[in-house]
Amino acid sequence: MPRGTDHRPRHEQVAAELREQILTGDLTPGAQLPSTAQLMGRFDAANATIQRALKSLKDEGFLNSRVGKGVYVRNQPPLVIDTGAYLPPDGSFSYQLLDVETLGPPADVAAALGLADGEEAVRRRRILLHDGQPLELSASYYPTDIAANTALSKPGKIKGGAPRVLAGLGLPQRAFVDRVSARPPTRDEVEMLDLPVRTPVIRQLRVVLSDDDRPVEASVLVKGAHLYELQFRRLVPDPEAKDA
């Protein structure tokens, strides 16, 4: 089978190898990296190449320098977020509401909500913070026939959140479906999330379903890929019960 060629600059290749070791835990939080000379030998690379690779990883938050001691892996591992949770059960996380607007949603959101061509939706846009640092941009869309004249369409945070409002409308949340992709960030995402250069983002399209699988909410969640790991859990059916 034909194989592709890695045309990235050498320092990006080196950074990718070290980043993989950090993400897999082969380089544990707090561990000291080998010396520059050792890294030069391991990767058969010049000093300048190693320094550029290390700088990239420092900019991404994977490494930090200790004057006179060396370079160390950051003490905090990537944030593992269970895809079943809207907000991690941790007081260090908080949301800021950016805006509430009625507009035409992206095509995939419109399709997920079953909207007709040209039909609008109410969008609530927020930013998730962890200890004051931006982690995620989210935009939640609601069909106007559901959200109009409710707290969903009004500015300001909603006490109890959108699930309470939907339940009060007789549309309790019963299930959701996630579609996950990765891509380069937009300019707005780079600026809002303060992303390091060339850091990709994880994009989730989450569709919330009520009774009879009616779609009542679609959210686009964008996270910096250097900070997050998504965790999926699903029960495996009993094969004996299936054959019974």
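Positions are given from 1 along the sequence.
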Looking at Asn149, I want to see if its CG is surrounded by more than 12 non-hydrogen atoms of other residues, nucleotides or ligands under 6.0 Å.
no

So if I apply the side chain to side chain donor-acceptor pair (under 3.5 Å) rule between Gln204 and each of Lys223, Arg179, Glu136, which one comes out positive?
Lys223

For Arg123, is there an ion pair with Asp99 - N to carboxylate O distance below 4.0 angstrom?
yes

Look at the side chain of Arg124 and the backbone N and O of Gly156, then say whether any donor-acceptor pair between them is shorter than 3.5 Å.
yes

Working for side-chain contact (heavy atoms from CB on, under 4.5 Å), residues His226 and Ile22:
CA-CA 11 Å; His226 63 309; Ile22 294 170; over 6 Å; no

Salt bridge or not for Arg214 and Asp212, using N-O below 4.0 Å?
no

Taking Val222 as the starting point, is it possible to reach Tyr141 by hopping between hydrophobic residues whose side chains are less than 4.5 Å apart?
yes

Strictly distance-based, threshold 3.5 Å: is any side-chain N or O of Gln32 a donor or acceptor partner for the main-chain N or O of Lys69?
yes

Which atoms form the tightest heavy-atom contact between Ser153 and Ala147, and what is the distance?
OG-O, 3.4 Å

Applying side-chain contact (heavy atoms from CB on, under 4.5 Å) to Asp178 and Leu221, what does each step give before you reach the verdict?
CA-CA 10 Å; Asp178 274 349; Leu221 315 171; 5.8 Å; no

Which atom names give the shortest non-hydrogen contact between Ile146 and Leu169, and what distance separates them?
O-CD1, 3.6 Å

Inspect the contact between Glu60 and Arg19 and indicate whether a charged nitrogen and a carboxylate oxygen are less than 4.0 angstrom apart.
yes

Is it the case that one hydrophobic cluster holds both Met192 and Leu135, taking links as side-chain heavy atoms less than 4.5 Å apart, direct or via other members?
no

Find out whether Gln96 and Pro134 are in side-chain contact, i.e. whether some heavy atom of one side chain is under 4.5 Å from a heavy atom of the other.
no

From Arg174 atom CZ to Leu166 atom CG, the distance as rounded to the nearest 0.5 Å
11.5 Å

Take a 6.0 Å sphere around CZ of Arg66 and say whether it holds more than 12 heavy atoms from other residues, nucleotides or ligands.
yes

Evaluate side-chain contact (heavy atoms from CB on, under 4.5 Å) for Leu54 paired with Leu39, printing each intermediate quantity in order.
CA-CA 10 Å; Leu54 297 181; Leu39 292 173; 4.3 Å; yes

Residue pair Val109 / Ala218: nearest heavy atoms and the distance that separates them
CG1-CB, 3.9 Å

Check Leu128 against Tyr95 and note the closest heavy-atom contact, atom names and distance.
CB-CE2, 3.7 Å

Can you see which heavy atom on Leu23 is nearest to which on Phe62, and at what distance?
CD2-CE2, 3.8 Å

Within-4.5 Å side-chain heavy-atom neighbours: Phe43 and Arg10
yes

Is any side-chain heavy atom of Leu171 closer than 4.5 Å to one of Asp211?
no

Does a donor on one side chain sit under 3.5 Å from an acceptor on the other, for Thr36 and Gln51?
yes

With the side chain counted from C-beta on, respond yes when Leu98 and Arg126 share a heavy-atom pair under 4.5 Å apart, and no when they do not.
no

Does atom CZ (Arg52) have a neighbourhood of more than 12 heavy atoms from anything else shown, all under 6.0 Å?
no

Less than 4.0 Å between a side-chain N and a carboxylate O, is that true for Glu189 and Arg203?
no

If you look at every heavy atom in Pro185 and Val190, which pair is closest and at what distance?
CG-CG2, 3.5 Å

Side-chain heavy-atom pair Ser56, Val197 within 4.5 angstrom cut-off:
no

I'd like to know if the side chain of Thr24 pairs up with that of Asp26 as donor and acceptor (distance under 3.5 Å, no hydrogens or angles considered).
yes

Given Asn64 and Asn75, is the side-chain contact (heavy atoms from CB on, under 4.5 Å) satisfied, shown in steps?
CA-CA 9 Å; Asn64 57 71; Asn75 285 320; 5.5 Å; no

Donor-acceptor under 3.5 Å (Thr150 side chain, Leu152 main chain):
yes

Could you tell me whether a side-chain N or O of Thr102 sits under 3.5 Å from a main-chain N or O of Val122, the two making a donor and an acceptor?
no

